[in-house]
Structures are given as structure tokens and as C-alpha cells.
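Data block below; observations after.
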Amino acid sequence: IEYGICIPHLCHVPGLTDIGACRLCIVEHITNGRSVVTTSCTLKVQEGMVIRSNTDRIKRLRHNIAELLVAEAPNSRAIQDIAVRCGVKKVRYPFRNSNCVLCGRCVRACTELWHANALGFVGRGKNRQVERPLNMRHEFCKQCDYCVQICPMTITPCDGPMKPGEEYLCGKCESQLMITEEVPDSCVWCRLGEGFDCGRYAGNKALR
Ligand code: SF4
Ligand code: SF4
Ligand code: FES
């Protein structure tokens with residue numbers, strides 16, 4: 001981001017441990033002449049490393065990841081916006097209307113920022129979910145509400161939540177892709193919940 005190369009991401013939160021959950025941030029890491037697709041948020045930067053963030057292969061894979069994500073949670077405006085910005089125009093998968101995409105933002109914020117440990121993952125595979133211990137308000141919960149603020153599911157589509165069976169890819173925010181087209185390889189997506197005038201691109205201008 002510092003260099004104007006913004007790679008789409010969802011589970012990454014600056015300052016929190018990265019867990020590579022959403023896989024939106026995939027890149028090609030060229031090592032010993034071979035290309036390995038990996039999540040960039042979990043990749044340690046090293047001198048001389050070669051990374052390709054916007055190849056046809058990455059764009060195709062990222063498009064599919066974003067499409068699956070928006071099919072899982074069409075009622076998140078944040079995820080709708082990410083999908084549109086990743087080039088998704090039509091969703092081929094059935095909408096599931098889930099209320100959690102297991103990004104782990106809430107769990108890590110609770111544990112690492114507030115040291116409350118009031119949230120955690122339980123279960124495996126398709127039964128995996130976020131819960132409070134014993135499904136009750138944990139006595140150590142500091143009621144900071146940060147887990148709610150940082151959750152992509154709390155930002156609903158502009159027209160309100162979509163009803164089951166009536167979900168669609170919104171795409172109304174597509175105009176906000178303009179910057180991406182004008183400045184190849186860059187993206188105005190910085191942090192969940194922050195607007196498109198993120199400072200770096202304020203006033204629809206290219207890199208300062
Ligand atoms: S409100 Fe409670 S559960 Fe949520 S982040 Fe704060 S301490 Fe954790
Ligand atoms: S509740 Fe929200 S922040 Fe927490 S894992 Fe699920 S989608 Fe992510
Ligand atoms: S931001 Fe890297 S895997 Fe989610």
C-alpha cells in the first residue's frame with residue numbers, strides 16, 4: 001500500500017496477526033524460476049524477492065475467490081464491493097446468505113487488541129463458527145464493540161439486507177473502480193470501513 005500497490009484483502013487488518021483466511025490477497029511468488037501462488041499477507045518480505053500481484057493467473061483465481069465470497073455473504077456491502085473490484089460481474093454459485101465468512105477479524109481484534117479472549121473459533125469444516133465461550137457474554141468481555149465495528153458483515157448493502165432467494169451482485173459501486181483503471185495495479189481499498197478517499201488517492205487523483 002505504501003507504494004501504491006493495493007492488493008485486495010479482507011482478513012488482513014494492519015497490526016493484527018495474519019492468518020491467510022480469505023485468500024483474496026494471493027500473489028505469484030517467483031522462486032528458483034518457479035511461480036508459487038501464495039497469500040501475500042502471510043508472506044515475509046525478503047531482499048530480492050520477486051512478486052507478481054496482477055497476472056492473468058492471479059486475476060482469474062482472485063476473481064473466483066471473490067465470487068465464492070460474495071455468494072457466501074451477499075448481505076455484506078464490503079464483500080459486494082470487493083467482488084465488484086475483483087471484476088465479478090455475475091455470480092455463478094448459489095447464494096448462501098451466511099452471517100459470517102470466518103475472516104477472524106473479530107477474534108484477533110478481541111484477543112490481540114483488547115486482550116479479552118472473549119471470542120474464538122469452534123468446530124471444524126462447515127461447522128466452524130465464531131462463538132463466545134459457552135455461547136454467553138464472557139465475563140472478560142470489555143464491551144468495546146470493536147468486534148462488531150470490524151466485522152464485514154455489519155456493513156449491509158445500500159438498499160438494506162437482501163431477502164433469501166432474492167440475492168444478487170449489487171455492482172452499484174462500480175464507478176469507484178475508476179481509480180483502479182486509471183492507475184493499473186493500484187487499488188483504493190485500504191481498510192474495511194474506510195472510504196475511497198483514503199488520503200493517498202484523495203480527490204480521485206493518482207498517487208501523491
Ligand atoms: S466487545 Fe467483547 S467480544 Fe467484542 S472485541 Fe470487545 S472485548 Fe471482545
Ligand atoms: S463474525 Fe464477522 S469479523 Fe468475525 S469472523 Fe465472522 S465475518 Fe469475520
Ligand atoms: S488478506 Fe491475506 S488471506 Fe485474507
Side-chain angles (χ1 to χ4, degrees), residues 6-14 16 18-26 39 41 59 61-110 118-132 135 137 141 143-180 187-198:
C6 183
I7 296 169
H9 53 275
L10 177 66
C11 64
H12 168 73
V13 181
L16 299 185
D18 284 307
I19 57 172
C22 73
R23 299 197 64 78
L24 275 168
C25 69
I26 51 168
T39 50
C41 67
K59 283 195 266 192
L61 290 170
R62 189 187 286 146
H63 178 285
N64 202 44
I65 292 166
E67 191 178 348
L68 283 165
L69 200 57
V70 77
E72 184 72 23
N75 273 321
S76 162
R77 176 172 166 198
I79 291 171
Q80 287 266 0
D81 286 353
I82 288 173
V84 171
R85 271 173 258 169
C86 289
V88 179
K89 293 198 164 41
K90 198 169 163 233
V91 181
R92 295 165 296 170
Y93 304 104
F95 286 108
R96 286 169 47 91
N97 232 325
S98 165
N99 57 12
C100 173
V101 289
L102 301 175
C103 66
R105 293 169 68 100
C106 56
V107 175
R108 284 171 291 143
C110 183
L119 293 173
F121 284 112
V122 294
R124 286 169 182 269
K126 61 182 168 66
N127 294 323
R128 191 163 169 80
Q129 58 186 32
V130 172
E131 270 191 15
R132 297 189 181 102
N135 218 5
R137 193 93 172 164
C141 172
Q143 307 205 7
C144 63
D145 236 21
Y146 202 65
C147 52
V148 175
Q149 292 171 31
I150 206 171
C151 173
M153 301 307 302
T154 58
I155 309 170
T156 52
C158 313
D159 294 338
M162 298 173 186
K163 294 190 185 123
E166 296 179 10
E167 303 92 342
Y168 60 97
L169 181 69
C170 177
K172 286 181 188 161
C173 303
E174 198 165 10
S175 59
Q176 291 161 343
L177 278 170
M178 188 173 65
I179 302 289
T180 312
C187 171
V188 286
W189 183 260
C190 286
R191 291 183 203 165
L192 188 67
E194 291 191 5
F196 291 90
D197 285 340
C198 63

Next item on the list: Would you check if Pro8 and Cys86 make a side-chain contact, meaning some heavy-atom pair closer than 4.5 Å?
Entry: yes
Note to self: Quick check: do Arg62 and Ile7 have side-chain heavy atoms less than 4.5 Å from each other?
What the structure shows: yes
Distance (rounded to the nearest 0.5 Å) between [X] [atom1] and [Y] [atom2]:
X: Arg105; Y: Gln149; atom1: CZ; atom2: CD; value: 11.5 Å
X: Cys41; Y: Ile26; atom1: SG; atom2: CD1; value: 11.5 Å
X: His12; Y: Asp18; atom1: NE2; atom2: CG; value: 5.5 Å
X: Ser98; Y: Leu69; atom1: OG; atom2: CG; value: 9.5 Å
X: Cys151; Y: Asp145; atom1: SG; atom2: CG; value: 11.5 Å
X: Leu24; Y: Cys103; atom1: CG; atom2: SG; value: 10.5 Å

I need the minimum non-hydrogen distance between [X] and [Y], along with the two atoms involved.
X: Met153; Y: Ser76; result: SD-CB, 3.8 Å
X: Leu10; Y: Cys22; result: N-SG, 3.5 Å
X: Ala109; Y: Tyr146; result: CB-CD2, 3.7 Å
X: Ala71; Y: Pro94; result: CB-O, 3.7 Å
X: Cys25; Y: His9; result: CB-CB, 4.3 Å

Partners of [X] by side chain to side chain contact (heavy atoms under 4.5 Å, CB included), sequence neighbours excluded?
X: Ala21; answer: Cys11, Ile19
X: Cys147; answer: Cys106, Leu119
X: Leu169; answer: Val70, Gln80, Ala83, Val84, Val88, Val91

Check: What pairs with Glu67 under salt bridge (Lys or Arg N to Asp or Glu O under 4.0 Å), at least two apart in sequence or on another chain?
Finding: Arg92
Notebook entry, point to check: What residues form a salt bridge (Lys or Arg N to Asp or Glu O under 4.0 Å) with Arg96, not counting sequence neighbours?
Noted result: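 Arg96 satisfies salt bridge (Lys or Arg N to Asp or Glu O under 4.0 Å) with Glu72 only.
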Note to self: Show every side-chain hydrogen bond (donor to acceptor under 3.5 Å, both in side chains) that has at least one partner inside residues 150-163, sequence neighbours left out.
What the structure shows: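 Sorted pair list: Asp159-Lys172.
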Check: Residues in side chain to side chain donor-acceptor pair (under 3.5 Å) with Asn99, at least two apart?
Finding: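 Asn99 satisfies side chain to side chain donor-acceptor pair (under 3.5 Å) with no other residue.
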Next item on the list: Report the residues that fulfil side chain to side chain donor-acceptor pair (under 3.5 Å) with Tyr93, sequence neighbours left out, ordered by chain and then residue number.
Entry: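 Tyr93: side chain to side chain donor-acceptor pair (under 3.5 Å) contacts with Asn64.
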Next item on the list: For the pair Asp81 and Ile155, evaluate side-chain contact (heavy atoms from CB on, under 4.5 Å) and give the outcome as yes or no after the intermediate values.
Entry: CA-CA 11 Å; Asp81 286 353; Ile155 309 170; over 6 Å; no
